[in-house]
Amino acid sequence: ADRFGTKRVALVFAVLMALTFIGKSQQNGSYLLFLILSALFGTVAPGCSGLIFSRAVSGWFHKARGRALGLMSAGASIGALLFTPVVAWMIDRHGFAGGFAALACLVLAVGMPAIAWGLDDRDEPARHDSGVSEPTTQPVGPARRRLGEILRSRAFIALAVAVFAL
């Protein structure tokens, strides 16, 4: 993410994760295919984890970085809480293949647009139109931002949607 940018890395790994889920949905019972897809998932999943998104959060949030990283970290758990009923319903109706297909659709329909639309890298402190980030040499407003202000920012919403979906 440092070399190529968070958005590019997250998009590439989201596509690979969706393809892995699609592959798992098409398994034919071959143990070798299961091992290959499981190894591929283990390789691809970290590219869509909080580790990647924390790079973007660290660039956007300077005064309230700890709070923003904490909220971002909670995203995966909240996403699992919200999307588990959808996947469970698909498994109930269509078997495990349907569950993996639902996961692929969630990544493609929710995660990728959130990454493409709202994930921007920022390497240095600068004031952005969201008003969340501020210069370190000339502070504007209070040093501590309110939680509501962070939760309403474009950067936080995009990161939250991307992390929830992946």
Side-chain angles (χ1 to χ4, degrees), residues 1 4-61 64-121 130 132 146-166:
F4 300 109
T6 306
K7 180 185 268 188
R8 184 179 292 164
V9 170
L11 283 172
V12 167
F13 279 94
V15 168
L16 292 173
M17 180 174 271
L19 290 173
T20 303
F21 285 142
I22 291 168
K24 284 188 159 285
S25 75
Q26 300 302 310
Q27 284 184 344
N28 58 8
S30 164
Y31 185 65
L32 179 61
L33 181 60
F34 169 77
L35 288 177
I36 291 169
L37 289 171
S38 296
L40 181 61
F41 182 77
T43 304
V44 168
C48 294
S49 70
L51 181 64
I52 297 299
F53 294 107
S54 67
R55 169 70 170 88
V57 170
S58 295
W60 273 89
F61 298 93
R65 184 177 292 155
R67 185 178 301 155
L69 285 168
L71 290 170
M72 184 218 60
S73 296
S77 300
I78 295 169
L81 180 71
L82 295 175
F83 293 125
T84 297
V86 173
V87 175
W89 181 82
M90 286 296 289
I91 291 171
D92 185 48
R93 299 278 190 244
H94 304 287
F96 283 99
F100 282 121
L103 289 170
C105 288
L106 285 171
V107 171
L108 294 172
V110 179
M112 288 191 58
I115 294 167
W117 169 76
L119 186 61
D120 291 320
D121 287 317
S130 69
V132 175
R146 296 178 189 261
L147 179 60
E149 188 177 345
I150 292 171
L151 294 175
R152 287 188 303 270
S153 72
R154 177 178 172 248
F156 179 80
I157 291 168
L159 287 167
V161 170
V163 170
F164 290 162
L166 298 175

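Since we're looking at a predicted model, the values are computed, not measured.
- Scored by the ring-ring contact (aromatic ring centres under 6.0 Å, His included) test, Phe96 finds no partners at all (sequence neighbours excluded).
- Across all non-hydrogen atoms, the minimal contact from Ala18 to Ala104 is O-CB, 3.7 Å.
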Quick one: side chains of residues 84-95, donor-acceptor pairs under 3.5 Å with protein atoms, not counting sequence neighbours, listed by atom name and distance.
| residue | atom | partner | partner atom | Å |
| --- | --- | --- | --- | --- |
| Thr84 | OG1 | Ala80 | O | 2.3 |

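- Phe13 has its side chain out of reach of Ile115: every pair of non-hydrogen atoms, C-beta onward, lies at least 4.5 Å apart.
- Remark: Phe100 pairs with no residue by the ring-ring contact (aromatic ring centres under 6.0 Å, His included) rule, at least two apart or across chains.
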Side-chain donor-acceptor pairs under 3.5 Å in residues 27-34, sequence neighbours left out?
| residue | atom | partner | partner atom | Å |
| --- | --- | --- | --- | --- |
| Asn28 | OD1 | Ser30 | N | 3.1 |
| Ser30 | OG | Leu32 | N | 3.4 |
| Ser30 | OG | Leu33 | N | 3.2 |

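- Here CG of Leu40 is found 9.0 Å from NZ of Lys24. Values are rounded to the nearest 0.5 Å.
- In terms of heavy atoms, Pro113 sits closest to Ala109 at CG-O, 3.3 Å.
- The two atoms that bring Leu37 and Thr20 nearest to each other are O-CG2, 3.7 Å, heavy atoms only.
- Within the structure, salt bridge (Lys or Arg N to Asp or Glu O under 4.0 Å) contacts touching residues 4-16 (residues at least two apart or in different chains) are Lys7-Asp120.
- In this structure, the side chain to side chain contact (heavy atoms under 4.5 Å, CB included) partners of Ala45, at least two apart in sequence or on a different chain, are Met17, Phe41.
- Of all non-hydrogen atoms in Ala116 and Leu11, the two that sit nearest each other are N-CD2, 4.2 Å.
- Nearest heavy atoms, Ser25 versus Ala101: CB-N, 3.9 Å.
- Ala10 approaches Cys48 most closely through the heavy-atom pair O-SG, 4.4 Å.
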